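Step one of this worksheet: look at the structure below.
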2 protein chains.
Amino acid sequence: MAVSPRVPTLKDVAELAGVHVATASRALSNAQSHLVNEATREKVSSAAAELGYRTNALARSLRRGASGTLGVVVADLANPFIVNLVRGIEQETRPKDLLPLIVETRDDPARLRSTVQQLLYSRVDAIILAAAHLSDAEYVADLAGQLPVVLAVRGFDEQGPTGGSLLEVMQDDLLGTRAAVEHLLHLGHRRLAEIRGPQTISSFANRSRGFQEAIAAWPGAEDLSPGLYAAQGDVSEGRRIAAELLAIPHDSRPTAIFAHNDLLAVGALEALRDAGLSCPEDLSIVGYNDAPLVDHLDPPLTTVRLPSNEIGRQSARLAIAAIDGQTGAAPTRLMLLPEFVQRGSTRSFAEAA
Amino acid sequence: MAVSPRVPTLKDVAELAGVHVATASRALSNAQSHLVNEATREKVSSAAAELGYRTNALARSLRRGASGTLGVVVADLANPFIVNLVRGIEQETRPKDLLPLIVETRDDPARLRSTVQQLLYSRVDAIILAAAHLSDAEYVADLAGQLPVVLAVRGFDEQGPTGGSLLEVMQDDLLGTRAAVEHLLHLGHRRLAEIRGPQTISSFANRSRGFQEAIAAWPGAEDLSPGLYAAQGDVSEGRRIAAELLAIPHDSRPTAIFAHNDLLAVGALEALRDAGLSCPEDLSIVGYNDAPLVDHLDPPLTTVRLPSNEIGRQSARLAIAAIDGQTGAAPTRLMLLPEFVQRGSTRSFAEAA
DNA sequence: TTGAAAGCGCTAACAA
DNA sequence: TTGTTAGCGCTTTCAA
């Protein structure tokens with residue numbers, strides 16, 4: 001790196017253009033350049049171009065009292081669904097000159113707090129939180145007292161001290177789950193089980209609720225889920241729990257499994273293979289999320305697709321509206337629709353038997 | 001959001017503690033708190049705690065002339081390899097109180113420029129660039145004249161006007177490719193082909209070079225690659241190009257394919273299926289990257305794993321060293337080693353025939 | 001339409 | 001060990 005002469009400031013631009021810094025500031029600002037003489041504005045612009053001037057966002061933010069940044073807290077960047085969410089956010093923030101600051105919690109409550117601190121310290125103008133655990137309700141409610149907070153994907157389900165001041169953009173887990181489970185029921189399956197993700201996360205808690213409700217509403221349907229919960233929503237946990245299920249004698253074993261996400265479903269697929277069984281002949285499996293490549297598995301996974309990009313966009317819109325002070329104008333809670341995706345990992349029970 | 005009283009400043013803390021702001025500043029700073037009387041420091045700390053004071057990073061950065069942020073430019077957040085890179089970076093920046101600002105280019109040269117502008121405007125202290133195209137050499141060289149730039153994963157291969165001032169952390173594509181191709185050759189394959197990613201990206205250009213060199217060095221080995229290049233490294237392009245290959249009459253058709261990444265390999269798998277053929281019986285396929293779930297495909301994909309987390313860590317270390325002004329002290333170019341991963345998508349030619 | 005002046009919140013000489 | 005002072009680069013009243 002060559003030692004550069006020095007980064008030019010507005011003062012340099014003003015001097016070169018022969019005007020006061022205030023004038024230079026106005027000339028360069030979109031909102032105020034109309035207050036400036038055409039010719040003067042030209043002079044300033046070309047001076048800025050000549051020097052390679054670039055506004056110092058730090059100084060501008062300090063002076064304006066707004067940083068022009070938006071905190072985005074996600075649990076897991078490796079979750080492809082999250083990437084679409086982030087991109088949706090970015091699509092909305094770009095035209096507004098807002099910079100998303102992305103931090104990751106890895107589903108660790110301590111990291112949620114420390115990353116949020118980091119964002120507050122950076123003076124983000126709002127936060128989109130897609131990483132909440134149910135137990136974070138109080139913390140988040142308090143946070144929402146300090147700056148606008150949009151809860152994305154994961155919420156608190158009316159429980160806890162959420163004072164109604166939170167904005168939310170959710171996806172209907174109950175609906176998605178019902179579509180998946182009713183698909184299995186329509187196929188003739190009656191002995192079902194779910195592989196549950198951590199119940200500290202609203203999405204998984206709702207999927208469990210949706211599963212139970214769907215079973216209860218269907219005469220003759222039974223829930224055979226083991227009393228186990230996945231510690232994480234990953235392949236190895238799916239495998240572990242499915243193995244328990246497969247240990248049940250054939251006659252009373254479930255014929256179909258609803259896994260709370262695709263990785264758990266892939267684990268179930270593995271357990272099935274370990275047991276010398278196959279899908280969908282011996283067992284039907286449904287996942288959730290429609291992760292990349294699950295359509296290329298053997299068999300291609302039946303699953304539920306989330307409107308992740310749209311969740312991101314709507315979250316960003318709510319955040320922007322809140323920053324602009326339009327409290328109350330926008331709806332407080334948006335519920336978007338998931339889409340059931342039928343593929344090869346499910347088949348009718350009659351056929352299977 | 002309740003209207004909060006006002007965010008407390010250092011002045012508020014100082015007043016409550018009954019000291020000057022400068023003293024409060026020192027007391028709260030790690031580097032200078034030793035200059036402050038134990039009792040005074042206590043007073044300041046508890047005043048800060050009482051008010052819920054949080055340093056304003058904007059003001060601090062402006063004053064210090066360093067933002068405490070590190071720009072991270074990636075091509076594609078959906079690439080799982082990139083997530084590990086980002087996490088590696090984060091592991092190194094966290095203890096240093098540096099905040100990574102992550103932006104995505106989607107492999108669009110215009111977006112590379114606009115996102116970098118965004119970072120410069122935010123006054124990042126350095127940039128880690130994992131999204132370069134070969135044609136960006138000049139632009140990046142110029143950028144490196146303005147602030148420390150670390151090139152990760154993708155470089156410029158000595159071509160172009162890179163004045164040697166750039167830091168680089170690469171992964172040895174030549175070596176990884178050679179391992180993959182020699183694996184195929186040892187299995188008895190002689191008619192090979194590659195499915196090339198966009199040659200404007202150094203990784204793919206090097207994989208192609210590695211492929212050609214490995215073939216050339218092996219007596220009797222032939223390259224049957226079609227004169228086609230994938231426009232993107234995705235499944236549909238892999239499928240398209242593999243279909244061309246499979247249109248060749250059986251006797252002269254390649255018996256093994258080296259795909260420049262896993263998605264291209266998955267596309268080849270699809271094309272094979274489309275043609276009513278199977279892998280590895282009719283064709284061996286190797287990918288690159290070891291993406292999630294490729295070990296669960298049918299067949300599990302033989303591939304090459306990148307040390308992505310380590311690339312991230314090393315990149316961050318170089319960036320931090322450069323920020324701290326340790327130019328020249330650290331090596332300028334690090335080359336890390338990939339790891340060949342043998343799975344089920346490759347088998348010996350004899351067996352196959 | 002432009003300039004003067006103040007100040008966002010903080011830190012770092014320098015002085016006491 | 002603490003206070004004084006100045007100023008990082010910018011925007012925004014207020015006056016002219």
Side-chain angles (χ1 to χ4, degrees), chain A residues 4-45 47-48 51-69 97 120-125, chain B residues 4-45 47-48 51-69 97 120-125:
Chain A
S4 16
R6 193 173 55 79
V7 178
T9 71
L10 193 56
K11 192 162 154 245
D12 301 321
V13 174
E15 277 168 9
L16 183 57
V19 298
H20 190 94
V21 283
T23 305
S25 172
R26 290 186 199 104
L28 262 22
S29 126
N30 293 321
Q32 311 217 280
S33 57
H34 67 276
L35 299 176
V36 133
N37 183 308
E38 176 66 38
T40 314
R41 187 171 31 187
E42 281 296 318
K43 270 193 303 184
V44 174
S45 295
L51 294 175
Y53 171 74
R54 204 176 286 123
T55 305
N56 185 326
L58 262 21
R60 164 178 289 177
S61 300
L62 179 60
R63 176 61 233 240
R64 286 194 176 160
S67 65
T69 58
D97 277 313
L120 292 176
Y121 165 85
S122 297
R123 294 303 196 264
V124 291
D125 297 329
Chain B
S4 16
R6 193 172 55 81
V7 177
T9 71
L10 192 56
K11 189 159 157 250
D12 300 321
V13 174
E15 275 167 11
L16 182 58
V19 298
H20 189 94
V21 283
T23 305
S25 172
R26 289 186 200 102
L28 262 22
S29 126
N30 293 321
Q32 311 217 282
S33 58
H34 66 275
L35 298 176
V36 138
N37 184 309
E38 177 67 37
T40 313
R41 188 171 30 188
E42 281 297 319
K43 271 191 306 182
V44 173
S45 294
L51 295 175
Y53 171 74
R54 205 175 287 123
T55 304
N56 184 325
L58 262 20
R60 166 178 287 177
S61 299
L62 180 61
R63 175 62 234 231
R64 285 193 175 161
S67 66
T69 58
D97 277 314
L120 292 176
Y121 166 84
S122 297
R123 293 305 196 263
V124 292
D125 296 329

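Here is the naming used below: chain letters follow the sequence lines, and residue numbers restart at 1 for every chain. These figures come from a predicted structure and were not determined experimentally.
- Among the protein residues, A/S61 comes within range of no part of the nucleic acid, since none of its heavy atoms lies under 4.0 Å from any strand.
- Protein atom CD of B/E42 is 16 Å distant from nucleotide atom C1' of D/dT1, rounded to whole Å.
- Checking side-chain atoms of B/D125 against main-chain N and O of B/A66 turns up no donor-acceptor pair under 3.5 Å.
- With hydrogens and angles disregarded, a donor-acceptor distance shorter than 3.5 Å links the side chain of A/S61 to the backbone of A/A57.
- Under the 3.5 Å distance criterion, the side-chain polar atoms of A/S122 are left unmatched by any main-chain donor or acceptor of A/V124.
- Using modelled atom types, one side-chain atom of A/S67 and one backbone atom of A/R123 make a donor-acceptor pair closer than 3.5 Å.
- The distance from atom CG of B/N30 to atom P of C/dT11 is 11 Å, rounded to the nearest whole Å.
- Distance, B/L28 CG to C/dG9 P: 16 Å, rounded to whole Å.
- Counting only distance, with no hydrogens or angles, the side chain of A/T23 and the backbone of A/V19 share no donor-acceptor pair below 3.5 Å.
- Side-chain atoms of A/S45 come within 3.5 Å of backbone atoms of A/R41 as a donor-acceptor pair (strictly under, hydrogens ignored).
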Exercise. Assign a letter to each nucleotide of nucleotides 8-16 of chain D from its 5' end: B, base within under 4.0 Å of a protein heavy atom; S, sugar-phosphate only; -, no contact.
Key: BBBBBB---
